[in-house]
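Just below is one structure, and these are the notes that go with it.
Quick note on labels: first sequence line is chain A, next is B, and so on, each numbered from 1.
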Amino acid sequence: MKSVITMEHVIKHFKGHTAVNDLSLDIQEGSITALLGPNGAGKTTSISMMLGLARPSSGTVTVMGGSPQDTAVRQAIGAMLQDINVIDRLKVDETLDLFRNCYTRPLSLKHLLDISGLDAARHQYANALSGGQKRRLDFALAMAGDPSLLFLDEPTVGMDIEARQLFWETIRKLAAEGRTILLTTHYLEEADRLADRVIVINRGRKIADGSPAEIKGLRGQKTVAFSVPTEEAASGRAANLISTLQDVLSAEWDGSRVTLTSPDTDRLIYELVRSGIDMSEIAIESGGLADAFQFLIQGDEQ
Amino acid sequence: MMMTALKAQCKAELLRTMRNRRFLLFSLLMPLIFYFIFTGTLGDHRMVDGVEWKAYYLMSMTIFGLIGSNVITLGVRFAQERTQGWTRLLRISPLPRWCYIASKMFAWSMINLGSILLMFIVCGLAKGIRLPAYEWIGCGLWIWIGPLPFMALGILIGMLKSAEVVQIVGNLVYMSMSVLGGLWMPLSTMPDLIQKTARFLPSYRFGQGAWSILGGHLLGVAGTVILAAYTLVFMVLSAYILKRQEAV
């Protein structure tokens, strides 16, 4: 696997504080990587440096073997940035044509309208589009130069669920064609469904890096939830039985329903069955990415 | 890439300009109306500096319109593109920054050429202005090249905080330069002090070039040098500010 982006010990001071603090990472060709972190964690600053819009205070950023400022590198990258309003008094197709022509080998206008689903809106004024449509125009602009590396900064903000799923589908196809994709998102579900790698940053530093499954595994805990007959809950008999089990880390009661946290839910199920508790509506869940994310950030803040 | 980018930029600028009512009103219609009002009230055949008023004032008003569009409309456009983030998008494209600015200036000189032809044809026909062909061509060419310092000024003003600020500052600069530069009324009708200061204004020097061609004179060296110096100063200042704005 080839590295497409390499950041080595990058520090960025910005307006009197350190936005990025000794960040090193490596993005592989053809991967979909999600950069996660709370607001102000340094995601957008990192992306700005990868795009050559900002210079690191120290450390190096290499994109496709060169500087992000190189024309050859710029031919091969595209980005959906935040807060881009397209210029006034131009229609969708005119805007795309204007931007396409900045590249040596752009995608055709028809292709761009197709992949962004904007064909029906092509004759509308670009600044009269709805929020979701605007985001799709941003996507089409990002694809204008037929990039092999695509940056998506909060790509699906303003899109409804259906549009979002359609967008994920498109992104997966682009990755399958061998393009590298780096995205930031507030929707953890988006990262979970789309990315094959998740990098969590907080306060400008990398605090976790792995596949979504690995990140979720960092939490190391899963839950078993079930309901018991009301009288068993009221008498405390069920609670007593549960307290004798070995693999339970915590038990949370909500009326007659209990949620048990355990490092090994498979073994816990056997124990529960053997203990003879009268269980119904059993649900076993591994913590979601949101859970793991919360856990990591809280752990880092302490 | 540069050529196709240039063509695309020209097309986009033309479309945006034709769709801009403010431009049509203030840069095309207003100079035309002023022309007909002030030739009507002062009389077509009055002589000013040895030139018939209807021809003299055609040059004044053509230049007046061009200064407005090149300082204000162009400046506002640069400011808008920057504040709305379009410039940021362009910065990640392979198009060099100078190429973007140069292609915009080229596109505007096409728009300027259209404005000049419109003024010359409409006023020339309506008032029956008869000039030797070389004077038409000479004035046309001069007025076509002359907006260069004003484009540079537009780019410079366009770096101000917002499009609204650019609009206000641009209008102040535009109106004062037009009046003090003798574009509204010939300088010879104005107080001595204004006549003296006008010699340093690019608006006066722009107008003077066209008026002297009408009077059968050659372009003055002083005027050309002053206009070139303004262009240079505005461009160097813009380049400096641009570098500072982008050094993040």
Side-chain angles (χ1 to χ4, degrees), chain A residues 12-15 19 45 47-57 63 68-91 93-106 109 125-127 137-138 141-142 144-145 147 149 151 153, chain B residues 1-24 73-74 76-104 106-107 111 158 162-164 167 242-248:
Chain A
K12 176 69 181 171
H13 303 293
F14 187 64
K15 285 182 183 162
T45 312
I47 288 200
S48 295
M49 287 189 282
M50 296 178 204
L51 288 169
L53 292 172
R55 282 174 206 280
S57 308
V63 177
Q69 257 104 8
D70 290 352
T71 312
V73 172
R74 295 195 166 197
Q75 292 281 3
I77 63 178
M80 260 177 101
L81 303 172
Q82 293 186 68
D83 307 318
I84 296 287
N85 279 308
V86 284
I87 44 183
D88 53 325
R89 298 193 184 92
L90 283 188
K91 294 174 180 170
D93 51 355
E94 293 161 356
T95 307
L96 284 172
D97 246 341
L98 176 60
F99 198 63
R100 276 178 67 236
N101 281 305
C102 295
Y103 293 87
T104 312
R105 283 174 303 277
L109 177 62
Y125 280 105
N127 52 6
L137 177 56
D138 289 338
L141 289 167
L149 170 58
F151 292 86
D153 198 0
Chain B
M1 177 184 86
M2 306 269 177
M3 276 317 286
T4 50
L6 184 68
K7 258 168 63 185
Q9 185 78 45
C10 280
K11 192 183 151 206
E13 282 302 308
L14 279 172
L15 284 170
R16 289 170 76 193
T17 307
M18 288 308 120
R19 288 169 185 164
N20 183 349
R21 284 207 201 97
R22 202 195 280 263
F23 168 83
L24 298 178
T73 317
L74 187 62
V76 165
R77 206 160 281 187
F78 271 108
Q80 271 173 347
E81 290 181 15
R82 193 190 64 247
T83 51
Q84 293 173 344
W86 179 255
T87 317
R88 205 146 58 94
L89 202 58
L90 281 176
R91 277 179 62 199
I92 61 166
S93 84
L95 190 73
R97 186 59 187 245
W98 63 263
C99 186
Y100 159 67
I101 292 176
S103 66
K104 190 149 270 193
F106 181 79
I111 294 167
S162 68
E164 290 72 31
Q167 185 82 42
L242 200 71
K243 259 215 140 55
R244 286 199 46 178
Q245 277 180 352
E246 293 188 355
V248 279

Whatever's closer than 4.5 Å to a heavy atom in chain A on Q9(B) counts as both
Fill in: Side-chain touch R19(B)/L90(A), heavy atoms, less than 4.5 angstrom
yes
Check your understanding: Would you say the side chain of F151(A) lies within less than 4.5 Å of the side chain of I92(B), judging by non-hydrogen atoms?
Key -> no
message: Please determine whether the number of non-hydrogen atoms from other residues, nucleotides or ligands lying under 6.0 Å from atom NZ of K11(B) exceeds 12.
response: no
Honestly, the part of D88(A) sitting under 4.5 Å from a heavy atom of chain B is both
Of R91(B), R88(B), R16(B), the one forming a salt bridge (charged side-chain N to carboxylate O under 4.0 Å, His left out) with E81(B) is R16(B)
Max heavy-atom pairs within cutoff under 4.5 Å with chain B, candidates I77(A), D70(A), L141(A), goes to L141(A)
So, the part of Q69(A) with a heavy atom under 4.5 Å from chain B: the answer is neither
Would you say R100(A) and T4(B) make side-chain contact, with heavy atoms under 4.5 Å? no
Between L89(B) and W86(B), is there a side-chain heavy-atom distance shorter than 4.5 Å?
yes
Bottom line for L81(A): the part with an atom under 4.5 Å from chain B's heavy atoms is side chain
Cut-off 4.5 Å, heavy atoms of chain B, and the answer for T95(A) is both
Most contact-rich option vs chain A, by heavy-atom pairs under 4.5 angstrom, among T17(B), N20(B), L15(B), is N20(B)
